[in-house]
> 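Have a look at this one before I ask anything.
Heavy-atom basis, side chains included; hydrogens, waters and symmetry copies ignored. This chain uses plain numbering: 1 for the first residue, then up along the sequence.
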Amino acid sequence: MDPLSGFFGSLIWWLFFLYLLLWPQMQFKSLQISRAKLLQRLSRKRNSTVITLIHRQESVGLFGIPFYKFISVEDSEEVLRAIRMAPKDKPIDLIIHTPGGLVLAATQIAKALNDHPAETRVIVPHYAMSGGTLIALAADKIIMDPHAVLGPVDPQLGQYPAPSIIKAVEQKGVDKVDDQTLILADVSKKALRQVREFIYSLLRDKYGDEKARELAEVLTEGRWTHDYPITVEHARELGLHVETEVPSEVYTLMELYKQPMKNRGTVEFMPYPVKQENRR
């Protein structure tokens with residue numbers, strides 16, 4: 001075998017391997033730069049500090065392996081840092097897209113947002129469930145897409161909602177359940193009380209004492225399943241102040257959080273050809 005041919009064959013193989021290794025990272029870096037430019041433009045337009053808390057499935061590792069994200073302590077550290085660095089006399093726009101996550105992390109973010117001296121606005125382009133809803137309740141304004149949803153804020157213990165654990169013990173009777181279930185019920189009562197009191201503290205100044213207690217009760221009592229979608233109309237029926245003027249840049253931003261390529265193509269559409277329609 002020609003040594004030169006072997007050398008070029010090995011070189012081509014290594015270049016191909018490096019391409020597979022580095023290409024997803026290069027794509028991700030390009031997306032980060034595009035996001036930063038768009039966030040800067042949105043910040044200037046709204047005269048605010050713009051922060052994102054967006055959890056989507058992204059392919060950023062070797063071979064585009066997808067990662068699933070939820071509100072974590074690391075998220076709360078980053079968001080708290082961003083809020084701390086924001087000018088005290090300027091509004092904050094927090095864009096949220098999340099299925100929820102740790103109550104501890106969501107509570108930290110909500111508290112920091114609630115304490116910001118200037119106006120705070122949470123923007124929900126698609127959904128902000130569970131902990132995402134908790135954060136949204138802390139803002140002065142909740143801005144949702146007309147078809148976006150929030151969700152209940154009842155605490156979960158493992159795979160079960162706290163209200164359901166309490167209800168199961170009440171229906172069966174404390175003398176007919178084991179010690180572990182009784183302990184779970186006790187912890188559930190504490191978790192429910194803690195979340196309910198925190199929501200009340202977030203809403204009291206904006207809604208008044210009576211309405212704040214009512215909303216805190218409704219959103220935590222287990223009236224619905226944990227993934228129940230609270231639409232804009234339903235949120236307003238409950239008494240939440242919700243607006244629907246989502247900035248166009250937010251929708252563009254969401255396009256820059258790509259799904260893994262193997263999962264693309266489920267939905268496609270062709271924009272209506274307005275220019276062609278107007279031609280004479």
Side-chain angles (χ1 to χ4, degrees), residues 27-60 69 71 75 78-79 82-83 85-87 89-100 109-110 113 116 118-129 131-151 229-236 240-261 263-279:
Q27 284 184 310
F28 184 63
K29 186 63 176 179
S30 176
L31 285 173
Q32 284 184 311
I33 293 172
S34 298
R35 293 171 191 169
K37 291 180 179 178
L38 188 57
L39 289 173
Q40 188 177 48
R41 182 173 50 173
L42 183 60
S43 177
R44 287 196 299 265
K45 176 181 177 180
R46 295 179 65 81
N47 190 33
S48 67
T49 296
V50 180
I51 306 170
T52 64
L53 183 60
I54 297 176
H55 294 139
R56 291 187 73 169
Q57 178 183 323
E58 290 188 280
S59 54
V60 297
K69 298 182 180 180
I71 301 174
D75 287 328
E78 293 296 326
V79 175
I83 293 175
M85 294 174 62
D89 60 340
K90 297 293 183 182
I92 288 177
D93 283 301
L94 176 57
I95 303 169
I96 296 183
H97 176 86
T98 182
I109 295 171
L113 193 67
H116 184 68
E119 184 179 53
T120 55
R121 304 176 290 240
V122 161
I123 302 174
V124 184
H126 184 57
Y127 75 150
M129 306 298 286
T133 300
L134 185 66
I135 296 170
L137 295 174
D140 296 313
K141 286 185 179 179
I142 302 175
I143 305 173
M144 299 171 61
D145 177 85
H147 299 104
V149 296
L150 302 175
I230 300 175
T231 63
V232 171
E233 293 80 10
H234 193 177
R236 287 172 173 168
L240 289 171
H241 304 154
V242 177
E243 300 179 6
T244 54
E245 293 73 29
V246 175
S248 60
E249 290 85 356
V250 174
Y251 297 115
T252 305
L253 179 69
M254 294 303 297
E255 286 294 316
L256 298 177
Y257 286 82
K258 298 295 185 181
Q259 302 291 338
M261 292 301 295
N263 288 342
R264 301 291 287 178
T266 302
V267 177
E268 296 181 353
F269 73 98
M270 181 64 67
Y272 185 76
V274 177
K275 292 183 179 180
Q276 294 182 15
E277 184 74 13
N278 293 335
R279 289 178 181 174

> Tell me the closest heavy-atom pair linking A136 and L150, and the distance in Å.
CB-CD2, 4.5 Å
> Of all heavy-atom pairs between I71 and G131, which one has the smallest distance, and what is that distance?
CD1-C, 3.8 Å
> Could you check whether any side-chain heavy atom of P125 comes within less than 4.5 Å of a side-chain heavy atom of I95, counting everything from C-beta outward?
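Side chain of P125 against side chain of I95, heavy atoms only: contact under 4.5 Å found.
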> Determine whether more than 12 heavy atoms belonging to other residues, nucleotides or ligands lie under 6.0 Å from atom NE2 of H147.
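Not buried by this count: 12 neighbours or fewer within 6.0 Å.
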> Can L253 and L42 be said to form a side chain to side chain contact (heavy atoms under 4.5 Å, CB included), step by step?
CA-CA 10 Å; L253 179 69; L42 183 60; 5.8 Å; no
> Are V122 and I143 packed together at the side-chain level, in the sense that at least one heavy-atom pair is separated by less than 4.5 angstrom?
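Contact flag for V122/I143 side chains = no.
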> Nearest 0.5 Å, what's the CG-CG distance between L240 and L137?
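Rounded to the nearest 0.5 Å, the CG-CG separation comes out at 6.0 Å.
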> Indicate the atoms forming the closest heavy-atom contact of P99 with M129, along with that distance.
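Closest heavy-atom pair between P99 and M129: O-CB, 3.6 Å.
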> Taking the side chain as C-beta and beyond, is there a heavy-atom pair between K141 and E119 under 4.5 Å?
yes
> Under a 4.5 Å cut-off applied to non-hydrogen side-chain atoms, are V232 and D145 in contact?
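With C-beta onward as the side chain, the pair stays apart.
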> Let me confirm one number: the CG-CD distance from D93 to E249, rounded to the nearest 0.5 Å.
11.0 Å
> Considering all heavy atoms of both residues, which atom of A110 and which atom of L134 are nearest to each other, and what is their separation?
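Where A110 meets L134 most closely, the heavy atoms are CB-O, 3.9 Å.
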> Answer yes or no: is there a side-chain heavy-atom contact under 4.5 Å between I51 and T49?
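Contact flag for I51/T49 side chains = yes.
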> Rounded at 0.5 Å granularity, tell me how far CZ in R46 sits from CD1 in I123.
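CD1 of I123 is found 4.5 Å from CZ of R46.
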> Distance check, rounded to the nearest 0.5 Å: I142 atom CD1 versus R121 atom CZ?
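It is 14.0 Å, given to the nearest 0.5 Å.
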> Using a 3.5 Å distance criterion without hydrogens, assess whether the side chain of S43 forms a donor-acceptor pair with backbone atoms of V50.
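No, because the side chain of S43 does not come within donor-acceptor range (under 3.5 Å) of the backbone of V50.
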> Taking the side chain as every heavy atom from C-beta outward, state whether T231 and V149 have any pair of such atoms under 4.5 Å apart.
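Side chain of T231 against side chain of V149, heavy atoms only: contact under 4.5 Å found.
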> Should L38 and R41 count as side-chain neighbours, where that means a heavy-atom distance under 4.5 Å?
yes
> Would you name the heavy atoms of A118 and D140 that are closest together and state the gap between them?
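That closest heavy-atom pairing would be O-OD2, 3.8 Å.
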> Starting from the C-alpha separation in whole Å, work towards a yes-or-no answer on side-chain hydrogen bond (donor to acceptor under 3.5 Å, both in side chains) for D75 and H55.
CA-CA 10 Å; D75 287 328; H55 294 139; 2.9 Å; yes
> Report the distance from atom CE of M254 to atom CZ of R35, rounding to the nearest 0.5 Å.
9.5 Å
> Show the nearest heavy-atom pair for residues T244 and R236, with the distance to one decimal.
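Nearest pair, atom of T244 first, then R236: CG2-NH2, 3.7 Å.
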> Nearest 0.5 Å please: distance from the CG atom of L94 over to the CG atom of L53.
6.0 Å
> I'd like to know if the side chain of H97 and the backbone of T52 have a donor-acceptor N/O pair within less than 3.5 Å.
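A pair under 3.5 Å: no.
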> Could you tell me whether the side chain of T98 and the main chain of I54 form a donor-acceptor pair under 3.5 Å?
no
